[in-house]
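Structure record follows, encoded as structure tokens.
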Amino acid sequence: MTASSALLAHLNHEQLAAVTLPAAHALILAGAGSGKTRVLTTRIAWLIHTGQVSPAGVMAVTFTNKAAKEMLTRLGAMLPIPVRGMWIGTFHGLCNRFLRAHWKLAGLPQSFQILDAQDQLSAVKRVIKAMNLDEERFVPKQVAWFIAGSKEEGLRPKDVDVRDEHGRKLVEIYQAYEDQCQREGVVDFAELLLRTYELMRDNAALREHYQHRFRHILVDEFQDTNRLQYAWLKMFTGAHNSLFAVGDDDQSIYAFRGAQVGNMADFEREFRVPHVIKLERNYRSFGNILDAANALISHNTRRLGKNLRTEAGPGEPVRVYEATSDYAEAQWLLEEAQQLHRDGTPRSEIAVLYRSNAQSRVIESALFNAGIPYRVYGGLRFFERAEIKHALAYLRLIENPNDDTSYLRVVNFPTRGIGARTLEQLQDAARVSGRSLYQSVGAVTGKGGANLAAFNALVDAMRENTRGLTLREIIEHVVEASGLADHYRNEKEGRERLENLDELVNAAEAFVTQEGFGKDAVALPVDEQGVVAGLVPGALAAGDPPAPAPVEVAPDAETGEIVSPLAAFLTHAALEAGDNQAQAGQDAIQLMTVHAAKGLEFDCVFITGLEEGLFPHENSLSDYDGLEEERRLMYVAITRARKRLYLSFSQTRLLHGQTRYNVKSRFLDELPEGALKWITPRVQGFGSGFARDYQAAWASGSGLGSIVGAGRLPAASAPVTTADGVALRVGQSVFHTKFGEGVIVTLEGQGTDARAQINFGRHGTKWLALSVAKLTPVD
DNA sequence: CCCTCGTGGCTTTTT
DNA sequence: GCCACGAGGG
């Protein structure tokens with residue numbers, strides 16, 4: 001067996017076809033669980049192994065650091081060559097790498113820093129304040145969203161279409177924000193992409209070089225690309241190279257942040273893609289689960305069309321449970337999960353999925369009170385914690401004292417007598433002179449001015465005293481010298497924060513030793529002719545085109561110098577926010593939103609809160625394509641399960657402090673009966689199960705108040721008897737010939753006057769006169 | 001300058 | 001019902 005065939009062993013027919021496609025554009029429609037990552041990595045390995053390209057001639061783009069790491073790891077296991085020099089990373093990571101090499105051409109300072117979402121928001125706030133605008137009319141969050149959105153459409157302020165006065169003002173803010181970022185030497189996430197795109201677009205020599213260098217460009221999760229990312233990819237793709245895009249239109253769930261599923265069809269058309277391959281064989285789930293997924297997604301129109309299949313057999317049926325309350329749903333879930341665990345399923349193989357974060361609370365309380373370990377995904381990540389951001393701000397000021405965002409974050413933290421008045425003076429002075437806060441300190445007189453000067457001196461001293469130290473020593477010094485450590489030592493709840501600061505030192509240490517600190521930040525060396533080495537693959541593989549005549553590219557004279565470990569670490573911290581380290585390591589049940597579950601898989605999956613208004617979410621219904629996106633979300637959720645899938649919904653739910661009566665999700669109706677098994681015990685209705693659950697809840701006492709809060713039995717209004725002699729109660733499910741199934745929310749009046757407010761889910765909530773409406777109780 | 005109280009909003013999120 | 005943020009009092 002040759003090495004090459006060993007590489008290709010175990011691939012199925014479809015996968016093999018995709019992996020060994022000739023060098024031309026290709027679109028791979030990879031269904032959930034069809035071995036997508038495997039195809040991507042094996043293709044890279046195969047291309048290199050068969051001599052069609054050298055490692056330096058490959059660029060592979062992902063959306064998350066996790067996906068990029070996974071690719072590198074798998075590739076490293078397949079190939080005996082070092083993968084370090086390869087351009088494999090996230091869009092943002094690769095842009096960073098590109099801009100570090102071409103900082104001068106890109107018009108950036110060599111040590112530019114990256115703003116995360118928090119930093120960006122505070123920068124926007126500063127601009128709005130500086131322009132003396134009303135934060136009510138120009139809500140910082142919305143303005144930040146507008147700016148990021150514009151950039152992701154490839155629009156600079158001058159390109160934005162202005163339709164009214166408000167829009168004109170927004171564009172003004174956008175422009176001022178850009179000026180501010182430029183002045184401070186910082187870029188936000190979208191800017192990384194846009195700068196790279198523009199530089200490639202406007203510099204033919206550079207474009208030639210990169211297009212020539214990257215014979216093969218591969219993109220993961222192509223359905224999630226936005227307009228700018230697509231345009232970016234086009235810039236890197238030219239006459240000599242090919243784009244290999246892998247994606248799944250059925251798993252497109254990020255339209256709300258600009259993803260354009262249409263990029264898949266556009267790509268196929270604009271690039272005249274000769275090869276479209278579907279990966280439909282699923283290696284993850286049993287038949288019933290796939291039947292459910294296929295049936296559900298077939299309700300969507302505008303699909304590229306795919307059907308998952310398996311050879312694993314039907315497996316267990318999909319279990320469906322109807323709870324009487326969100327509390328009861330959580331109780332049921334935890335008992336079921338305990339049983340699974342007793343039967344041998346590790347807790348980490350049990351996932352609880354929900355549509356929105358707020359839903360985790362009830363479940364968390366139930367698990368917490370039962371003493372079952374769990375882990376919630378989402379929430380603050382390591383590098384986003386306040387104490388970490390503070391420490392990083394000091395470190396950034398060492399690198400670049402003109403970073404006003406960082407300056408403002410820590411100028412008075414820990415407090416050193418610099419108040420709002422003083423800062424206002426400082427900011428005014430800076431604005432007038434067009435200089436940074438650090439540079440404007442001299443303009444402030446009096447006690448405030450002296451304190452500011454002392455702060456500047458502190459920053460200078462930190463820079464001096466850390467010169468030549470290792471990264472670890474630098475951070476240790478700064479944490480002490482800044483007063484952060486003392487501050488948290490004196491704070492009663494500072495213990496955890498101190499530990500996190502220690503952890504920051506460890507993270508830095510790990511970063512330095514790991515793969516050499518500068519993987520992303522080492523600037524490309526420039527030879528005497530000013531040609532950036534490494535742009536043209538040093539060792540040409542057989543399939544590489546003949547090396548082009550060296551083109552004078554980017555004579556960024558100083559790029560030969562390696563960026564300091566500190567600068568590299570700061571970049572790393574901005575681009576990779578790290579884990580939310582909640583009880584990592586323990587065998588725990590995994591709680592997360594459906595979005596967060598994408599790309600993961602578990603033996604057992606619970607999809608909870610399958611109710612109209614929640615899932616599909618009510619806010620999505622008014623969006624264009626909103627319902628279909630919700631359905632794709634449900635499709636993603638279903639296809640996470642390997643062996644066992646539970647679907648649950650609840651008749652009542654405490655939401656925004658109010659009890660809501662919900663109708664089961666339409667998605668449940670779209671699943672094939674044959675694959676389902678209803679497991680709700682047959683004691684339904686308000687009088688029995690519902691009341692009993694609530695009574696049990698109150699009786700069990702311990703901490704329950706904190707679970708349901710002020711939740712209480714819905715006002716137990718007296719049953720109303722209709723003209724037909726049917727007794728109706730609040731919370732009861734009824735059927736209406738026109739509106740379908742609904743739940744009684746309120747009952748009023750008696751006799752011919754009796755009215756009911758009924759939640760019909762997708763048909764809305766209606767008031768009906770019971771003497772007229774024909775209602776049939778359900779169950 | 002810090003802390004407490006009041007108000008509003010509330011789907012999903014990576015970099 | 002809960003959280004985050006901003007205003008105002010001590």
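These numbers come from the heavy atoms of this one structure, side chains and all, not from hydrogens, waters or symmetry mates. Not measured: the values here are computed from a predicted model.
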Checking all strands, does A:D224 fall into the base, sugar-phosphate, or nothing category for heavy-atom contacts under 4.0 angstrom?
->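 Result for A:D224 = nothing.
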Looking for any heavy atom pair under 4.0 Å, which part of the strands does A:L94 touch: base, sugar-phosphate only, or nothing?
->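 Contact class for A:L94: none.
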Tell me the interatomic distance from [X], atom [atom1], to [N], atom [atom2], rounded to whole angstroms.
{"X": "A:K141", "N": "C:dC5", "atom1": "NZ", "atom2": "P", "answer": "7 Å"}
{"X": "A:Q658", "N": "B:dG9", "atom1": "CD", "atom2": "C1'", "answer": "14 Å"}
{"X": "A:F91", "N": "B:dT15", "atom1": "CZ", "atom2": "C1'", "answer": "11 Å"}
{"X": "A:Q118", "N": "B:dT13", "atom1": "CD", "atom2": "P", "answer": "16 Å"}
{"X": "A:K125", "N": "C:dG6", "atom1": "NZ", "atom2": "C1'", "answer": "10 Å"}
{"X": "A:L121", "N": "B:dT13", "atom1": "CG", "atom2": "P", "answer": "18 Å"}
{"X": "A:N226", "N": "B:dT14", "atom1": "CG", "atom2": "P", "answer": "15 Å"}
{"X": "A:L194", "N": "B:dT15", "atom1": "CG", "atom2": "C1'", "answer": "15 Å"}

Taking the six-membered ring where the residue is Trp, are the ring centres of A:H299 and A:F667 under 6.0 Å apart?
->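 Here the rings of A:F667 and A:H299 have centres that are no less than 6.0 Å from each other.
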Taking the six-membered ring for Trp and the full ring for Phe, Tyr or His, determine whether the centres of A:F615 and A:F649 are under 6.0 Å apart.
->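 When the ring centroids of A:F615 and A:F649 are compared, they turn out to be at least 6.0 Å apart.
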Within a radius of less than 6.0 Å around CZ of A:R126, do more than 12 heavy atoms belonging to other residues, nucleotides or ligands occur?
->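 Yes, enclosed.
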For atom CZ of A:R421, decide whether the heavy atoms of other residues, nucleotides or ligands shown that lie under 6.0 angstrom number more than 12.
->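 Counting neighbours around CZ of A:R421, 12 or fewer heavy atoms of other residues, nucleotides or ligands fall under 6.0 Å, so no.
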Test: A:R195 cationic atom under 6.0 Å from A:F112 six-membered ring centre, within 45° of axis |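 No - A:R195 does not lie over the ring of A:F112 by the 6.0 Å and 45° rule.
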For the side chain of A:N412, counting heavy atoms from C-beta on, which of B:dT13, B:dT15, B:dC1 is nearest?
->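 Closest nucleotide to the A:N412 side chain: B:dC1.
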Is a side-chain donor or acceptor of A:R632 paired with a backbone partner of A:S252 at a separation under 3.5 angstrom?
->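 Such a contact is found between A:R632 side chain and A:S252 backbone.
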Using atom C1' of each nucleotide, how far apart are C:dG6 and B:dT11 to the nearest Å?
->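 Approximately 25 Å lies between the C1' atom of C:dG6 and that of B:dT11.
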Whole-angstrom distance between B:dT12 and C:dC5, as gauged at atom P |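 Result for the P pair: 16 Å, nearest Å.
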Just N and O in the side chain of [X]: are any of them under 4.0 Å from OP1 or OP2 of [N]?
{"X": "A:R381", "N": "B:dT15", "result": "yes"}
{"X": "A:R361", "N": "C:dC2", "result": "yes"}
{"X": "A:T415", "N": "B:dC2", "result": "yes"}

Enter syn or anti for the glycosidic conformation of B:dT12, syn applying to angles within 90° of 0.
->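 Here B:dT12 takes the anti form, which means its glycosidic angle is more than 90° from 0.
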Quick one: which protein N/O atoms are closer than 3.5 Å to N/O atoms of nucleotides 10-12 of chain B? Pair and distance per line, please.
unit_1 : atom_1 : unit_2 : atom_2 : d
B:dT11 : OP1    : A:N619 : ND2    : 3.3
B:dT11 : O4'    : A:H617 : NE2    : 3.3
B:dT12 : OP1    : A:N357 : N      : 2.6
B:dT12 : OP1    : A:N357 : ND2    : 2.7
B:dT12 : O4'    : A:R355 : NH2    : 3.1
B:dT12 : O2     : A:R355 : NH2    : 2.7

Would you check if A:R156 and A:L194 make a side-chain contact, meaning some heavy-atom pair closer than 4.5 Å?
->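 Of all side-chain heavy-atom pairs linking A:L194 with A:R156, at least one is under 4.5 Å.
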